[in-house]
Amino acid sequence: MRMSKIVRTITALIFWAVVVFGLYVVIHGHLTPGGGFQGGAVIASSTALFLVAFSKEEFLKKYKDAFLSLAESGGLTLFISTAFLGIGTTFFYNFIANSGGIFGNPVPFGVNNGDLNTGGTLPPMNMAVGLEVFGGISLILFFMFLGAYLKPFNKEESEVHKE
Amino acid sequence: MGMEYWAHFFTLIVLVIGAYLAVFLRNLLASVIALSAMSLALSLEFYLLHAPDVAIAEAGIGAGLTTAIFIFALRGVRRD
Amino acid sequence: MSGIVALFLIIGIAFNCLGAIALYRFPDVYTRLHGATKATTFGSIFTSLAVVLYGFTKWAYTGEPRFCVLAVHAILALIALLLTNPTGAHAIARAAHRSGVMPKRAVVDKLAEREGKW
Amino acid sequence: MGSYVVVTILSYLFYLILTMSSGDLGLWSSSELVVGIPVALVAGLAGGRVFGEYVPASLLNPIKWVLFLYYVFVPFFIAMAKANIDVAMRVLTGKINPGIVRIKTGLKKSMSLTFLANSITLTPGTLSVDVDEESNDLYVHWIDVKNIEPEPAEVCGDFPQWARRIAE
Amino acid sequence: MMELGGWFMMAGVLLVVFGFLAVGRSALGPTVPDRVVGLDTLNTYVVAAMIVFGAAFDSVIYVDIAIVYALLSFVATLFIARYLERGL
Amino acid sequence: MVGKALKWVSFLFFAVMLIWGLTLIHPFGEPLQSDMDSYFIQNAQKECAANNVVTSIVFDYRGFDTLGEATVLFTAVMGVTAIFRGVMKK
């Protein structure tokens with residue numbers, strides 16, 4: 001069962017905006033407030049929005065849940081491998097900062113001046129953690145949404161669902 | 001400076017009222033609503049204390065997704 | 001210009017205050033939603049417009065780009081509020097009617113007639 | 001296919017608005033312009049699947065955008081101001097005569113129905129409660145019932161015409 | 001020129017006070033939908049207060065939190081509404 | 001009887017500890033500064049090339065904490081998936 005037509009239309013209208021805003025928070029994690037965890041939670045709430053306005057059948061038809069598992073595992077793997085790359089000095093050493101290459105510029109002081117090419121290993125780690133948190137929280141929400149159908153509300157429905 | 005004190009004051013009062021209601025209401029759905037209000041006030045308090053990172057995390061996790069997960073749990077125990 | 005900003009703030013605060021009073025003056029859920037949704041949305045438009053005006057004026061005077069960011073992000077928050085607020089009110093009203101809360105002092109209820117509860 | 005392209009372009013524009021006034025190339029820095037492209041592709045892939053079903057393609061007409069801006073700033077804003085004065089009077093006097101009535105809108109698309117419902121939620125004396133999924137009729141909570149089975153013009157003025165003109 | 005920090009601060013404090021009144025409705029409300037109305041009103045007040053405080057502190061990036069909150073409180077309201085109408 | 005006494009004793013203990021802590025409370029909103037804080041505030045922007053000091057602490061100086069947090073989330077997801085896996089089949 002879905003919610004009313006008005007709620008569904010508004011959901012379709014603002015769904016992509018939630019995704020873009022979450023990606024903005026993740027990408028600007030080293031310049032403005034936010035970061036991987038917060039941005040991942042915002043993107044995962046887009047999954048919650050879709051699930052609550054539409055139904056589980058529609059979710060399963062439009063998106064694959066294997067993709068969520070892949071995002072979760074891939075994010076964790078990416079995070080640990082980025083940490084391992086700095087093992088020449090220590091684990092989690094920020095070896096690209098101020099080195100001049102990609103992600104290697106020094107940062108000037110200021111608010112959101114758009115220097116995305118800074119931060120060393122921080123932007124890749126932000127993206128990895130964002131991917132992992134998005135996959136993890138979406139999977140929890142999705143499976144709990146499926147589990148909520150296990151117990152129906154009233155007596156007659158429970159007779160139908162007993163199998 | 002004096003005004004900021006009153007902003008903290010009323011935000012903390014909302015926080016305490018929300019926490020009290022979340023514990024002592026008999027209706028579980030009303031309890032979840034009070035918890036959501038408390039989380040909102042906590043987010044505003046972090047905002048007023050100049051901690052925007054924590055405020056975003058609290059707004060995303062505490063107010064949006066925790067409510068959803070509690071609603072699923074309520075649906076599981078079928079008591080409202 | 002600062003006079004206009006202050007005027008916008010006062011108008012916004014007045015309508016927000018009206019919304020808070022409407023929550024206590026009306027007898028049931030639907031009429032409370034009337035007061036709350038309309039008054040708070042209108043008041044929030046005015047307080048946000050005050051911030052937008054302040055940001056653009058400061059940007060024009062000082063030339064610092066961060067005031068432009070303030071104004072643009074305030075506009076985005078305002079648009080999000082305008083889209084989601086009436087929809088949330090509609091969802092709450094529908095849920096209230098389906099969960100069995102009937103309007104008080106109602107002279108007609110076509111929705112309950114359709115569902116055979118009237 | 002078309003909805004994917006539209007959502008991608010919209011996402012790119014939204015990202016640019018979010019990162020406005022960040023650097024040297026006009027209002028944006030070069031790295032923001034580059035990074036916006038993959039962000040827009042991801043958001044387009046995610047959001048395009050559901051966007052096309054609910055938002056009709058006829059909204060791409062620029063005349064409708066101009067009409068929409070005129071609608072928001074003139075008739076809608078005046079109706080909203082009236083609504084708030086109306087609410088103020090009702091709060092002060094406590095005079096209500098409520099009821100839920102059914103109005104025939106005659107709209108076909110769900111987008112225009114949403115437009116109408118959100119408009120009448122924010123304008124005087126009305127609140128949309130439920131919607132009939134087949135016949136697109138709205139059930140409206142009317143705070144001052146004058147007629148048990150009213151015409152649409154009696155409840156919400158000429159908003160259905162505006163909704164048909166702009167969002168259908 | 002424009003020294004409006006005190007005005008913005010005052011407006012924010014008043015919005016928080018109205019939020020306190022909305023929580024009062026959420027505490028008193030005889031039925032559950034009444035409490036949800038109180039929560040929804042509190043959401044709107046807090047988003048407006050966050051925008052105004054962002055101008056009062058002159059800390060521009062704080063307004064992002066208002067956008068996050070405006071989008072996510074909608075999700076929470078929808079979840080509660082869907083549970084109330086027995087749709088979940 | 002013993003259970004009731006235990007309840008009262010624990011309640012009194014908790015109340016006394018709370019009130020004792022309340023008398024020692026620090027002024028609200030004015031945190032103390034330690035050596036670690038001033039080090040982070042002065043050096044984090046230079047060393048990590050990031051404006052957001054919180055992110056540079058979370059992902060660089062205190063990276064192991066974040067790794068543990070990610071592992072906890074992974075474990076939680078595994079638990080939820082293991083419980084609700086059977087629902088997918090139906």
Side-chain angles (χ1 to χ4, degrees), chain B residues 1-18 20-21 24-25 27-41 43-48 50-72 74-76 80, chain E residues 5-24 26-27 29 31-40 42-43 45-47 49-50 53-54 56-57 59 61-80 82-84 86 88:
Chain B
M1 201 60 217
M3 290 319 288
E4 208 169 336
Y5 170 80
W6 288 105
H8 285 294
F9 183 80
F10 281 103
T11 312
L12 289 174
I13 283 186
V14 172
L15 191 81
V16 172
I17 290 177
Y20 178 84
L21 290 175
F24 286 103
L25 280 179
N27 189 334
L28 286 183
L29 183 57
S31 220
V32 171
I33 292 165
L35 191 69
S36 182
M38 191 216 79
S39 181
L40 172 53
S43 172
L44 184 60
E45 181 61 37
F46 283 135
Y47 184 96
L48 289 174
H50 298 272
D53 293 85
V54 198
I56 290 184
E58 182 65 34
I61 298 291
L65 298 177
T66 309
T67 310
I69 289 175
F70 269 116
I71 292 288
F72 290 144
L74 270 191
R75 181 63 182 82
D80 58 346
Chain E
W7 284 85
F8 283 124
M9 201 72 204
M10 185 92 176
V13 172
L14 282 174
L15 284 172
V16 177
V17 173
F18 301 149
F20 168 69
L21 291 176
V23 166
S26 192
T31 61
V32 173
D34 278 320
R35 299 178 203 269
V36 190
V37 174
L39 177 68
D40 202 37
L42 179 65
N43 281 332
Y45 285 146
V46 168
V47 172
M50 278 175 176
F53 278 133
F57 291 150
S59 306
I61 42 184
Y62 286 13
V63 185
D64 284 0
I65 306 169
I67 306 176
V68 171
Y69 210 87
L71 291 174
L72 294 197
S73 65
F74 179 57
V75 180
T77 308
L78 283 190
F79 266 101
I80 296 172
R82 186 160 175 182
Y83 181 78
L84 264 178
R86 299 281 195 267
L88 200 63

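Chain identifiers are assigned alphabetically (A, B, ...) following the order of the sequence lines, protein sequences preceding nucleic acid strands; residue numbering begins at 1 within each chain. Please read these numbers as outputs of a predicted model, since none were measured by experiment.
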Peer 1: Less than 4.5 Å to any heavy atom of chain E: does that hold for the side chain of B/I17, its backbone, both, or neither?
Peer 2: side chain
Peer 1: Does B/L29 reach the side chain of E/L84, with side-chain heavy atoms less than 4.5 Å apart?
Peer 2: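 Yes, side chains in contact.
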Peer 1: Nearest 0.5 Å, please: how far is CZ in B/F10 from CG in E/L15?
Peer 2: 12.5 Å
Peer 1: Report the C-alpha distance between E/F79 and B/F72 in whole Å, list the side-chain angles of each, state the deciding distance to 0.1 Å, and finish with yes or no for ring pair (Phe, Tyr, Trp, His ring centres under 6.0 Å).
Peer 2: CA-CA 9 Å; E/F79 266 101; B/F72 290 144; 5.5 Å; yes
Peer 1: Within a reach of under 6.0 Å around CE of E/M9, are more than 12 heavy atoms found that belong to other residues, nucleotides or ligands?
Peer 2: yes
Peer 1: Ring-plane angle category for E/F57 and B/H50, please: parallel below 30°, perpendicular beyond 60°, tilted otherwise.
Peer 2: tilted
Peer 1: What verdict does the side-chain contact (heavy atoms from CB on, under 4.5 Å) test give for E/Y69 and B/L40, after you've listed the backbone C-alpha separation in whole Å, the side-chain angles of each residue and the deciding distance to 0.1 Å?
Peer 2: CA-CA 9 Å; E/Y69 210 87; B/L40 172 53; 3.2 Å; yes
Peer 1: If every non-hydrogen atom of B/A63 is compared with every non-hydrogen atom of E/A76, which pair is closest and at what distance?
Peer 2: O-CB, 3.6 Å
Peer 1: Out of E/G38, E/G12, E/A56, E/A27, which one racks up the most heavy-atom pairs below 4.5 Å with chain B?
Peer 2: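 Looking at each option in turn, the highest pair count goes to E/A27.
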Peer 1: Check whether B/A30 gets within reach of chain E through its side chain, its backbone, both or neither, counting any heavy atom under 4.5 Å.
Peer 2: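 Looking at B/A30, backbone and side chain both touch chain E.
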Peer 1: Which heavy atom of E/R35 sits nearest a heavy atom of B/I33, and at what distance?
Peer 2: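 In this case the closest contact between E/R35 and B/I33 is O-CG2, 4.0 Å.
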Peer 1: Taking the side chain as every heavy atom from C-beta outward, state whether B/F9 and E/V13 have any atom pair closer than 4.5 Å.
Peer 2: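 Side chain of B/F9 against side chain of E/V13, heavy atoms only: no contact under 4.5 Å found.
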Peer 1: Measuring from B/I56:CD1 to E/I61:CD1, what's the distance to the nearest 0.5 Å?
Peer 2: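 Atom-to-atom, B/I56:CD1 and E/I61:CD1 are 9.0 Å apart.
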Peer 1: Nearest heavy-atom pair of B/A37 and E/L42: which atoms, and what distance?
Peer 2: CB-CD2, 3.9 Å
Peer 1: Which heavy atom in E/V68 sits nearest to a heavy atom in B/A59, and how many Å separate them?
Peer 2: CG1-CB, 4.4 Å
Peer 1: Given the rule in the side-chain contact (heavy atoms from CB on, under 4.5 Å) test, do E/Y83 and B/V32 qualify, once you have shown the distances and angles that lead to the verdict?
Peer 2: CA-CA 12 Å; E/Y83 181 78; B/V32 171; over 6 Å; no
Peer 1: Is B/L44 close to chain E through its backbone or its side chain, or both, or neither, when contacts mean heavy atoms under 4.5 Å?
Peer 2: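 It is both, since atoms from each part get that close.
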Peer 1: Where the side chain of E/Y62 meets the backbone of B/P52, is there a donor-acceptor pair that is under 3.5 Å apart?
Peer 2: no
Peer 1: Measuring from atom CG of E/N43 to atom OG of B/S36, what distance do you get when rounded to the nearest 0.5 angstrom?
Peer 2: 6.5 Å
Peer 1: B/L65 versus chain E, heavy atoms under 4.5 Å apart: side chain, backbone, both or neither?
Peer 2: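 The answer is neither part of B/L65.
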Peer 1: So, taking the atom named CD in B/E58 and the one named CD1 in E/I65, what distance separates them when rounded to the nearest 0.5 Å?
Peer 2: 11.5 Å
Peer 1: Counting heavy-atom pairs closer than 4.5 Å to chain E, which one of B/G64, B/A68, B/G60 comes out on top?
Peer 2: B/A68
